[in-house]
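Worksheet for the structure shown next.
Heavy-atom basis, side chains included; hydrogens, waters and symmetry copies ignored. In each ligand, atom 1 is the first atom listed, and ligand 1 is the first ligand listed.
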Amino acid sequence: MRISIVGGGPSGLYFAILMKKIDPAHEITIYERDGPLDTFGWGIVFSDQTFSYLEENDRPSYEEITRKCETWDNVVIAHKGQKITVRGNRFSGIGRLAFLNILHERCRDLGVDIRFNTNITDAGALEGYDLLVGTDGANSLVRRTFEEHFQPTLEEARNKYIWLGTRQLFHGLTLTFRQTEAGLFIAHSYKFDKTTSTFIVECGEETWQSAGLDKKSGEETCRYLARVFEADLEGHALLANNFVRWLNFLLVKNRRWSHKNIVLLGDALHTAHFSIGSGTRLALEDSIALARCFRANEKLEDALGEFERTRKPIIDAYQEAAVSSLLMFENAHELMHLDPIDFAYRLMTRSNRIDYEKLKRRDPEFIAAYDRWRGSTTE
Ligand SMILES: Cc1cc2nc3c(=O)[nH]c(=O)nc-3n(C[C@H](O)[C@H](O)[C@H](O)COP(=O)(O)OP(=O)(O)OC[C@H]3O[C@@H](n4cnc5c(N)ncnc54)[C@H](O)[C@@H]3O)c2cc1C
């Protein structure tokens, strides 16, 4: 097959690797707008389950990825000056760039043709391929070009967010809530290598405006937010890369997942709010699912049909959980009066995928403290 992939992010690269493994004779070209050392964002997190998929599907890249990861098993919730730790939540962090570079290398070894610094401006012109894959992210050109067939819905979330880094090492996924005169700021932070942590800040539009963040440069924004989170950063600065800017999370859904020989994967197809940290995982699992459909079906339309039929219910459930999580962060200002332990419990159970019993199995000490608090408030 001749396969053209628009977008060299996690989904495009991993799909290329898997298709080459199915048949080395596939001719695969990836068109990527940026260079091999450019990327937005800092680190990303993966669960253990993601690792087992990566191990099963491509051992060489799995081994490289795990070598570069930092692992922890706790979530820390910082509220009203108290830090509540909840254990039993094993996650690993890795730099997005380090992760992409491992996939680039693996693609090269397998003979995938990656054309960096190639911005596709007319997806309709990519003819002559047996399969065209749109892995070009949340603002996908492939999706926009064929939107009457894919029938996407796009919904902007209310909160503003910015993806920064810092040399302060946050051991564990740390959620910090800081009330200021301008309003509430929330940071999602975790270390992803030996020297750096991701530091994502979100706030409501009103807070953003009253803090004057709409008028501040990247550097001024970093300085302002470093003051808001001064106690948490312990003197460390906030760092911005070339892609730094405030965004609103975009919820992407598509009614149809393919059209003729064109299919979407990853963020082009669906997004999940970063507070459940699963976008890359879902993008990789899409690639695994689609490659499996190609292994099982000779005809292209059968493979694409099976992909949508089997994968869509899983994605729908994930997106639902991610929306519950997003709403909790958007409405967090209404919960600031809560006791830290109650607040932590509500945060941990926000997406309805974790309940009391699961938390009790993962961290009996946390649940014992929660039960003590509940007992003390009802007596
Ligand atoms: C703040 C934030 C934090 C996140 N944290 C996590 C996390 O901790 N864990 C996690 O699993 N996920 C996380 N995600 C989600 C994750 O980044 C995405 O879900 C994931 O990158 C999707 O992969 P993708 O390959 O589908 O798309 P992308 O990674 O968006 O890749 C798309 C690629 O296509 C290229 N491209 C776009 N248009 C064109 C064009 N016209 N021509 C050529 N190339 C083009 C882009 O340059 C890019 O390289 C986070 C996202 C955000 C915004």
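Among residues two or more places apart in sequence or in another chain, the ring pair (Phe, Tyr, Trp, His ring centres under 6.0 Å) test is passed with F116 by H104.
Residue I200 places no N or O, backbone or side chain, under 3.5 Å from any N or O of ligand 1. Between W163 and ligand 1, not a single N/O pair is under 3.5 Å apart. Here's the thing with I120: one of its N/O atoms is less than 3.5 angstrom from an N/O atom of ligand 1.
Using a 4.0 angstrom heavy-atom cutoff, R96 counts as in contact with ligand 1. The closest approach between any non-hydrogen atom of A268 and ligand 1 is not below 4.0 Å.
Contacts of T135 with ligand 1, taken as heavy-atom pairs under 4.0 Å, involve the backbone alone. Contact annotation for S11 and ligand 1: heavy atoms of both the backbone and the side chain come within less than 4.0 Å of the ligand. By the criterion of a heavy-atom distance under 4.0 Å, neither the backbone nor the side chain of W42 is placed next to ligand 1. Counting heavy atoms closer than 4.0 Å to ligand 1, residue Y31 contributes backbone atoms (N, CA, C, O) but none from C-beta onward. The proximity of Y161 to ligand 1, defined as any non-hydrogen pair under 4.0 Å, is limited to the side chain.
Residues K358 and D355 are not paired through a salt bridge, judged by the lack of any N-O separation under 4.0 Å between the basic side chain and the carboxylate. We find that R87 and D73 are joined by a salt bridge, their nearest charged nitrogen and carboxylate oxygen being less than 4.0 Å apart. Comment: E285 engages R281 in a salt bridge, judged by a side-chain N to carboxylate O separation of less than 4.0 angstrom. Taking 4.0 Å as the cut-off between side-chain N and carboxylate O, R361 and E357 do not count as a salt-bridged pair.
Y370 has its ring centre less than 6.0 Å from the ring centre of Y345.
In summary, of the residues considered (K191, R167, Q168), a side chain to side chain donor-acceptor pair (under 3.5 Å) with T196 occurs for R167 alone.
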